[in-house]
Every structure is written in structure tokens, then in C-alpha cells.
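Dropping the structure in here first, questions after.
Proteins come first, then strands; the chains are lettered A, B, ... in the order of their sequence lines, and each starts at number 1.
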Protein chains: 2
Amino acid sequence: MATIDDVAKLAGVSKGTVSSVFSKKRPISQLVTARVLEAAKELGYFPNHVARSLAIKKTLIAGLKMPISTDGGMSAFETQMMGGVIQTCTKHGYRVLLDTLPEHDDPTQFSIDPVDGVIMLNPRQNDPRIERYGQMAIPLVLVGRPDPMDEAVCFVDNNNKEVGLQVGDYLLGIGHRSILFLNASSDMTVAFDRQSGLAQAYERHGIPFGEAIVLNFSRKKHKNMANYGYAALLETYGKRPFSAVIADTDRVALGVLRAARELGIAVPDRLSLVALSNDATLAQETTPKLTTVELSAELLGAEAAHILIDKMNNIEGVHQRIVDAKLVIRESCKPLA
Amino acid sequence: MATIDDVAKLAGVSKGTVSSVFSKKRPISQLVTARVLEAAKELGYFPNHVARSLAIKKTLIAGLKMPISTDGGMSAFETQMMGGVIQTCTKHGYRVLLDTLPEHDDPTQFSIDPVDGVIMLNPRQNDPRIERYGQMAIPLVLVGRPDPMDEAVCFVDNNNKEVGLQVGDYLLGIGHRSILFLNASSDMTVAFDRQSGLAQAYERHGIPFGEAIVLNFSRKKHKNMANYGYAALLETYGKRPFSAVIADTDRVALGVLRAARELGIAVPDRLSLVALSNDATLAQETTPKLTTVELSAELLGAEAAHILIDKMNNIEGVHQRIVDAKLVIRESCKPLA
DNA sequence: AAGGATTGTTAAACCGGTTTAACGATCTGC
DNA sequence: GCAGATCGTTAAACCGGTTTAACAATCCTT
């Protein structure tokens, strides 16, 4: 590859002049600009991104840290979230560097990513990386609230308590009392938040929360999300009474629907079903169409990216953003007679 | 941030020694190593990735170019393909730099990505980028065959002609003659290849290809894939006879199923359905479970990454890989009486 | 005990850009 | 016609690492 020196030599000007032609940070006369560009074209020269990054101390790259998925598949939430991040970053001239690696703790092997800032999905409890990025002065935005809560750290999250409250309120409001809640994995903050929201709904309706049945997804027990819904319904049905199901995702709802068909339980006539949804297109292709709470993962990703970009450019802006969910009533729920 | 010089000064050694301690490319005595590491810890020093990349002329980053999705959503194929790329790259110590930007043609603004190689999804016809990467001597692997075909360029692809042939052979073999093929967008090579495979199946069975009805997806006409299947069935049914449908993706099949339910057409009793599938978990949650051709997008991504990694390390290996698809018979097809 | 091999360390050059400070040339005003 | 401002260009320093060549210190040989 040709370097800036080659171009300078061929065009008969100095390095600095060539640099200015390409970066446009300093005015260069028409004549010289033309000569430089021609030389560059002749040599097939393009500025070296790495060298430039070193000099300006910016890479124009945002890092996106995703939890390691053992099976390689990304959930709909992750996919959509990522889509939002990529779109927003791209629009603002940033590239996205993906990585699913756990941070290495051997300091002799750890090397800082070539990024100007980081978006981190689903931080763990007391995640040590949060502090580390702080030390390194690398802007950080979380997707999913930090645990423990920290006012100083930037994050975006669904209002998960509100999600639980909203769907609970809806189902209890149309007469259901016993609800099977197929919740997310118990080590996730979302699971905790949604459950506490549901509990609050029960309280508001004066019904003991004990009438709800809460299950948690487990990687060990369930092959995939659909299988979770399928197995959970088969196992629970008949053992304990319930007239409605809240499914953690569309996929879980799909499994529930299939199990219900096999058991001969009509949805929504004998069983109501609500899905916490990441994928509105899927929810509309089932029979009956799914009543859902739309989580808008894409918006979450886009918001995270916006906040990060502001931080990277030292623009003062919001630090946190709670995205409200929206209940969309379709066909899968019915008032309890 | 502390630099290597700071550490050298504090540890009382030279730059080069500190470098060797971290890169382990040269043996350093126990004593000095300890002193350097302690100094580094005290200063909170981590090697600067950009500076290192400049010096060693490698970034350990693979670029992944995806076509720009207008609506921000990625298809299941794209998602899975990406998952395969990420997993394989991560396993081999490479990060993945995503980008959906069209390459800028203004040479004063174009800057080479900080990548050691590139994986490009769905190259266009006569894609100028292929040649450009060649000029820059940046290793390139395509996902989806180049058009026109070029023996020199690396790529991985499904055996799409075989896909069309296989599914056609199956359906014609169980007595169907008129098949509605809901094919991909007509400007994609996959659409062309699959159709020619299907035509070959017709020929093999001595049935004029004219009995098949081939439709193409169109971004303008169809909101999303499921909607394509739904609308296509409603529009075509009754106008022209057919006893089987080949759906381009699981989502399309979902739409077909819904339309069939609304029209009161029993699947598979009165209509057989095969999906070209990217998402095996989805195909098993419908009623009836979908008979599919599994496209294994993830494998495709992983293979592309393998080939790229070999190229980036100057290891001679295969240049091209055609992945065969597998017909999985479930419940959505029935012999024509 | 001299000579050669081995090991560990260093100073300096280098990777390919950006940026600062200085400078010469042209343009203004008086 | 000269002082001062403006404009375009350049040489040199810099970003933070790696690597080469030279060298000093230690370890065998014989």
C-alpha cells in the first residue's frame, strides 16, 4: 500500500499538505489539491485508518459487548437491539465492533479495544467491567439496568416493573386470578423487575400473589425458548389451576400455543395468553394473534447508541432512559367468565 | 491513560523491555518481569490497541459488510450467518467490525477500515468492491456466489440449485404437478439458482415447467416476509390451480399457513407446504410442523470466517465452499391423491 | 583463563498518519 | 513603498507501541 509519503513525493509537496487535502482541516489551494489527488489516485492511496486513529486519538468505533451465547444463536431481543445500535451508530459515522468475549483478567494479555466507547448488554451483578471502563475513562452505556443501581452510570432499560404491572393489571382486570408467569432466567434483573411489577398488580387488585405461579427459564432444563413454553404448560397443566399465561417472549408463547393445541385447550376461550414481545411480526402470524407487550428492543439499542455518541463527543445529555412498554391487545385473551 | 514510557520509567527499564514483557515475544527475566508488571498495575496501564496495530500492521479484526437494511431489521438468515461469523472469529482471537455503510466513492473521504480481512454478504452483480479489495490486497470472502462467477474469489454459498432441485423432486415425486413457488427477490442470485433447480426437477419428471407458478418477493409490495406469504396465497388461490407451495423462508410459510387457515384450506390435506428454512426452532412450533430444507446460515458464516482466517494468516486452504442443504420431512406435506 | 555461545537489556529507527510553529509569498491600507 | 495582515506550505515533533542491531553480563567449553 502506498503511504502519505509516497503521495507527497509524487505530488512534490510535504506530508502535512497531503494530510490537509484529505482531512480538509486546513485550506489548500485548488492547484495543489488537484495535484495531490491525482498523485493519490495514481498510487492507489487511501489514508490508513489505524495510523490516523493513533494520531487523533479517536477510532470512530463503538464497541458492543454481548453476553456469550453458548449455542451461537442470538435471541430476537439481542438481534433487534443490535440492529438499533448499528443503525444509529452508522448514521452518525461510527462503526460497531462486536464482541462476545469475556474480558480477560490476565493483565499481560488484556489489550484495550480500539473503541471510543462501549455499549454493554445485560451487565452482571456487580459487574467489574463497569468500574474498569470508568478507570480507563472510556464512555460506557449499559442496556439493562445496573445492579446495584448506580446513579452515575449511563443506561437504557425497559420499564420492566411497569411491564409486569401492566400485563398483570390487564389480566386481573378481565377477571383472571391464577396466572402462570413463564418468567426469564432468575439471574436476570428483568426477571426480578417484572415479577415485582406483577406482584404489585395483584396487590392493587386485592388478590394474594400466591395465586400466581411463577416459573423461570433455565438453560439447563430447556433447549430453547419455544421448548420452555411447551414443556412448562404440559408440566403445570392439571397440577395447579390457572386461566392465563404470561410468556416471556414470542417464542415461549409459540411453545405454549402448541402445547395447548395438543392438550385440546382452546386459546383464548379456555386459556388466555399474553407474550412479552420482541417481534411484532411473529405475534401476528399465529392463530389466534398474540396479545403482547411490545418491548421495542430496537429502540433501546438506538437510545443506547445516542447516549453513547453524545458522551463520546462530550455533549451533555441524558444519562439514562427508561423506555415504556406498550400493551397491544390482539386475540389471545378473553375475560374469565 | 498511562503509556508504555511511563511504565518503563517507573520500572527503571527501557520501552522495549516493557513491550517484551507484555507481548512475550522475547524472554525477560523473572525479576524484571515482576517489576514491570507491578509498575503497570500501579499506573493502571494497558497496551494501546491502535498503536500496536500500527506497529505490527495487523488489527486482529475481521470486517463484516452487510447490505443496508432499510427497516433496520435483520432477517433470520443474516442473523444466523452473523452468529456463525462472530463465533468462529472470536474463537480464533479476531473481533468483528460490522458495517452496513455503502462504500463511499469520494476518495477524499474514504478511509480503509481497520481490518485484516473482510466478509461480504450478498455481493451485487459486478460488485466493484470485489476488485477494490483485490487492489488493496485485503483478503475477502463472499457469502453468496459472485456474479459473474470468478474462480479467483473466495466465497461460500448454499447449493441453491440443489435446493430447488431437491424440493421439486420431492414434491413432484409424491404426485404434485402444479407448485406455487414463493421465491426470493428476483435480483438475488439465490432466486435465480433455486428456480433453475426447480425447473430441472420438472424436466426430470417430464412435466412442463409451465405448470409451476413462480412469484418473487418485492420490498415495495410486501411489508415483510410473513405478509408476502399471506398475500401471495390469498391472491393466487382460486385464480390458478396448485396443490403445493414452496415458501422462501419460515416466515413466508407462517404467512401461508395463516392465509390457508382463513381460507379454510387444510394443510397438508388439501395443500402441501415446504419452507426453505433458516430457523429450525420456528418450523417445529407450527401446526402442522413444517417440512423444510435446512439452509444452515450459521454454518455458512462459520465457513466464511474459517476461510478468511486462513487467508489472513497466509495459510493455503480451500477457496470456496458449497454447503449442501438438507430436506427435513415433518408434517406439512402429503402425497397428492 | 581465554574464547565462544547464550541470555537479557537497551537505544534508536520505524509504523503512517496529524499538528504545531515558523516562514515566505501575496494582499491590503496609508 | 513599507508595515501589517492573510494565506498556503513546510519541517519537525508527536501519537504509543514493535523491532532491529548492538552491547553487556553471564554461562559453558577446553
Side-chain angles (χ1 to χ4, degrees), chain A residues 1-37 39-40 43-60 107-116 136-138, chain B residues 1-37 39-40 43-60 107-116 136-138:
Chain A
M1 276 295 299
T3 72
I4 200 171
D5 287 295
D6 303 330
V7 177
K9 206 166 294 168
L10 182 59
V13 298
S14 78
K15 255 175 113 164
T17 303
V18 178
S19 174
S20 303
V21 167
F22 278 89
S23 68
K24 295 188 172 126
K25 291 199 179 173
R26 210 179 321 287
I28 298 292
S29 65
Q30 286 280 333
L31 189 83
V32 174
T33 298
R35 228 167 57 221
V36 168
L37 288 182
L43 295 170
Y45 166 80
F46 292 100
N48 179 317
H49 188 281
V50 176
R52 178 187 298 208
S53 296
L54 179 60
I56 67 176
K57 298 185 171 202
K58 274 186 194 173
T59 60
L60 295 181
T108 69
Q109 214 159 319
F110 182 86
S111 166
I112 296 180
D113 279 339
V115 298
D116 296 342
M136 294 176 174
I138 293 179
Chain B
M1 276 294 300
T3 72
I4 201 171
D5 287 294
D6 302 330
V7 177
K9 206 166 294 169
L10 182 59
V13 297
S14 78
K15 252 175 118 165
T17 304
V18 178
S19 174
S20 303
V21 167
F22 278 90
S23 68
K24 296 191 172 120
K25 290 200 179 173
R26 210 180 319 287
I28 298 292
S29 66
Q30 286 281 332
L31 189 83
V32 175
T33 298
R35 229 169 54 222
V36 168
L37 288 182
L43 295 170
Y45 166 80
F46 292 100
N48 179 316
H49 187 281
V50 176
R52 184 196 299 236
S53 296
L54 179 60
I56 66 177
K57 298 183 169 203
K58 275 185 193 173
T59 60
L60 295 181
T108 68
Q109 212 160 320
F110 182 85
S111 165
I112 295 180
D113 278 340
V115 298
D116 296 341
M136 293 176 174
I138 293 179

Short side-chain to backbone donor-acceptor contact, A/Ser20 and A/Gly16, under 3.5 Å: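 A pair under 3.5 Å: yes.
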N or O in side chain of A/Thr3 less than 4.0 angstrom from C/dG16 OP1/OP2: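 Indeed not, no polar side-chain atom of A/Thr3 lies that close.
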Pairwise side-chain contact, B/Ile56 with B/Arg52, heavy-atom cut-off 4.5 Å (strictly under):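 Side-chain contact under 4.5 Å: yes.
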Selected nucleotide, minimal atom distance to A/Ser29 side chain, candidates C/dT18, C/dG16, D/dT9: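 Of C/dT18, C/dG16, D/dT9, D/dT9 is nearest to the side chain of A/Ser29.
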Touch class at under 4.0 angstrom, heavy-atom based, for B/Ser19 against every strand present: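 Here B/Ser19 touches the bases of the nucleic acid.
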Distance-only donor-acceptor test (3.5 Å): side chain A/Lys15, base C/dG17: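 Indeed, a donor on one side and an acceptor on the other fall under 3.5 Å apart.
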Closest-nucleotide ordering on DNA chain D, the 5'-leading residue of A/Ala51 and B/Ile56: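 Of the two residues, A/Ala51 wins.
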A/Gln30 CD to D/dC7 P, straight-line distance once rounded to whole Å: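 Result: 16 Å.
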B/Thr33 side chain vs B/Val21 backbone, donor-acceptor pair below 3.5 Å: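 No; zero donor-acceptor contacts below 3.5 Å.
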Nucleotide of C/dT9, D/dG17, D/dG16 approaching B/Ile28 most closely (side-chain heavy atoms):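 My answer, after comparing the listed nucleotides, is C/dT9.
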A/Tyr45 side chain near A/Ile4 side chain, heavy-atom distance below 4.5 Å: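 Yes. Closest side-chain heavy atoms under 4.5 Å.
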Gap between atoms CG and P, on B/Asp113 and C/dG17 respectively (whole Å):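 Checked: the CG to P distance equals 15 Å.
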Sugar-phosphate only, base, or nothing, as touched by B/Val32 at under 4.0 Å among non-hydrogen atoms: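 B/Val32: backbone/sugar contact only, no base atoms under 4.0 Å.
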Atom-pair distance (CD1 on A/Ile4; P on D/dA11), nearest Å: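 One finds 14 Å between P of D/dA11 and CD1 of A/Ile4, rounded.
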Rounded interatomic separation in angstrom, taking NZ from A/Lys25 and C1' from C/dT19: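 Atom-to-atom, A/Lys25 to C/dT19, this comes out as 9 Å.
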Any A/Ile112 side-chain heavy atom under 4.5 Å of B/Asn48 side chain: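 No. Closest side-chain heavy atoms not under 4.5 Å.
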Whole-Å gap separating C1' (C/dC15) and CZ (A/Arg52):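 A/Arg52 atom CZ is separated from C/dC15 atom C1' by 16 Å.
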Side-chain N,O (B/Lys57) to OP1/OP2 (C/dG16) below 4.0 Å: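 So the side-chain polar atoms of B/Lys57 do come within 4.0 Å of the phosphate oxygens OP1 or OP2 of C/dG16, strictly under.
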Touch class at under 4.0 angstrom, heavy-atom based, for B/Val18 against every strand present: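 If one applies the 4.0 Å heavy-atom cut-off, B/Val18 turns out to touch nothing in the nucleic acid.
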